[in-house]
Asks: 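My structure is below; once you've seen it, I'll send some questions.
So that the names make sense, note that chain A is the first sequence line, chain B the second, and so on, each numbered from 1.
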2 protein chains.
Amino acid sequence: MRESRQRRILLEELRALTSHPTANELYEIVRKRLPRISLGTVYRNLQVLSAAGVIQEIDATGTQKRFDGVTESHYHVRCLRCGRVDDIPVDAIPSLDRLAARGSNYHIMGHRLEFTGMCPDCARECEATECLCPVNRRNLHAGRS
Amino acid sequence: MRESRQRRILLEELRALTSHPTANELYEIVRKRLPRISLGTVYRNLQVLSAAGVIQEIDATGTQKRFDGVTESHYHVRCLRCGRVDDIPVDAIPSLDRLAARGSNYHIMGHRLEFTGMCPDCARECEATECLCPVNRRNLHAGRS
DNA sequence: TTACTTGCAAATCGTTTGCGATATA
DNA sequence: TATATCGCAAACGATTTGCAAGTAA
């Protein structure tokens, strides 16, 4: 892996974030410093960096991939309203795998635990505006049956 | 929601499966009984049925959506080699949410726990052939650093 | 008869890839 | 100098959508 200007800056910007951006979010950020960079280059570098174990592609739900400058595995929360993903400071729970192995004929190798909820910003807006965000829609739906 | 022939048969076939098919897998199955059905109709019906709470779109990792004829929420395992998804008979663990809530400023509403591993079929083939499936590649990678 | 649903094809979205040009080691 | 990496645009796979025709209630 050679060091290119694009790759270095991409990595710097990813590491400066506590959020877990999508390729496109990162593209918009990096573009401020490298106006001529292409989205393809962003994707290619994210691929190379995560294959090399320098960054991590987080296995989040949703249609877009998300990337993490931190490689140690840890759990995440996803906001049901805005899609934002953050870290959850909960230690890994290896006992979950044993629990699963007991009830399945799969060879269990690990797990993905993703919490869902509402981020502070959305919670505030949601209360203020009675919006029809996924969260409120879910409540409505539960009410009807 | 009106009852159409396509929708009824789609639901029948989904409920007959213990696996959690993708839209395209279901399309191929339903096509045996309705040769003229279109993939668009399959997608539209899966959407309508899961919005109505009749079926469930499972929030699985991967590029394709997967659907479940059972609406009660439960945990899943995903085979890292073939992508197959099955149920895991582990009861819901609500205490996980409390654990997460304690360490985060999100309003935690739930979680998704997906186990990863190898299905019995793949485990067998993998041992027999020293294949370079994701599982073995992962081991190689760990070895190198 | 009304409006939900269909089949078809085109459009969209996120991501990957082929190419000839550029830049790093 | 050799080749990894780039920017661009086209290709791709999964999903969604517009439309005119068909069908359930």
Asks: Report the distance from atom CD of Q64(B) to atom P of dT15(C), rounded to the nearest whole Å.
Replies: 15 Å

Asks: Just to be sure I understand the geometry, which residues of residues 3-18 of chain B put a non-hydrogen atom under 4.0 Å away from DNA chain D?
Replies: E3(B)

Asks: Do H20(B) and D87(B) meet the criterion of a side-chain donor-acceptor pair at a distance under 3.5 Å?
Replies: yes

Asks: Using a 6.0 Å cut-off, check whether atom CG of N105(A) has over 12 heavy atoms from anything other than its own residue.
Replies: yes

Asks: Considering just the side-chain nitrogens and oxygens of K65(A), establish if one lies under 4.0 Å of OP1 or OP2 belonging to dT16(C).
Replies: yes

Asks: Which residues in residues 21-48 of chain A have at least one heavy atom lying under 4.0 Å from any atom of DNA chain D?
Replies: R36(A), I37(A), S38(A), T41(A), R44(A), N45(A)

Asks: Could you state the atom-to-atom distance from CZ of R2(A) to P of dA2(D) in whole Å?
Replies: 13 Å

Asks: Testing the 3.5 Å rule here: is there a donor-acceptor pair between the side chains of T61(A) and E114(A)?
Replies: yes

Asks: Would you mind checking if E12(A) and R8(A) are paired as a salt bridge, meaning a charged N to carboxylate O distance below 4.0 Å?
Replies: yes

Asks: Roughly how many Å is it from CZ in F67(A) to C1' in dG14(C), rounded to a whole number?
Replies: 11 Å

Asks: Would you say T116(A) and H76(A) make side-chain contact, with heavy atoms under 4.5 Å?
Replies: no

Asks: List for me each residue that meets side chain to side chain contact (heavy atoms under 4.5 Å, CB included) alongside R102(B), sequence neighbours excluded, and say none if there are none.
Replies: L99(B)

Asks: Decide whether H111(B) and D97(B) meet the rule of one side-chain donor and one side-chain acceptor closer than 3.5 Å.
Replies: yes

Asks: Nearest 0.5 angstrom please: C122(B) SG to R84(B) CZ, how far?
Replies: 9.0 Å

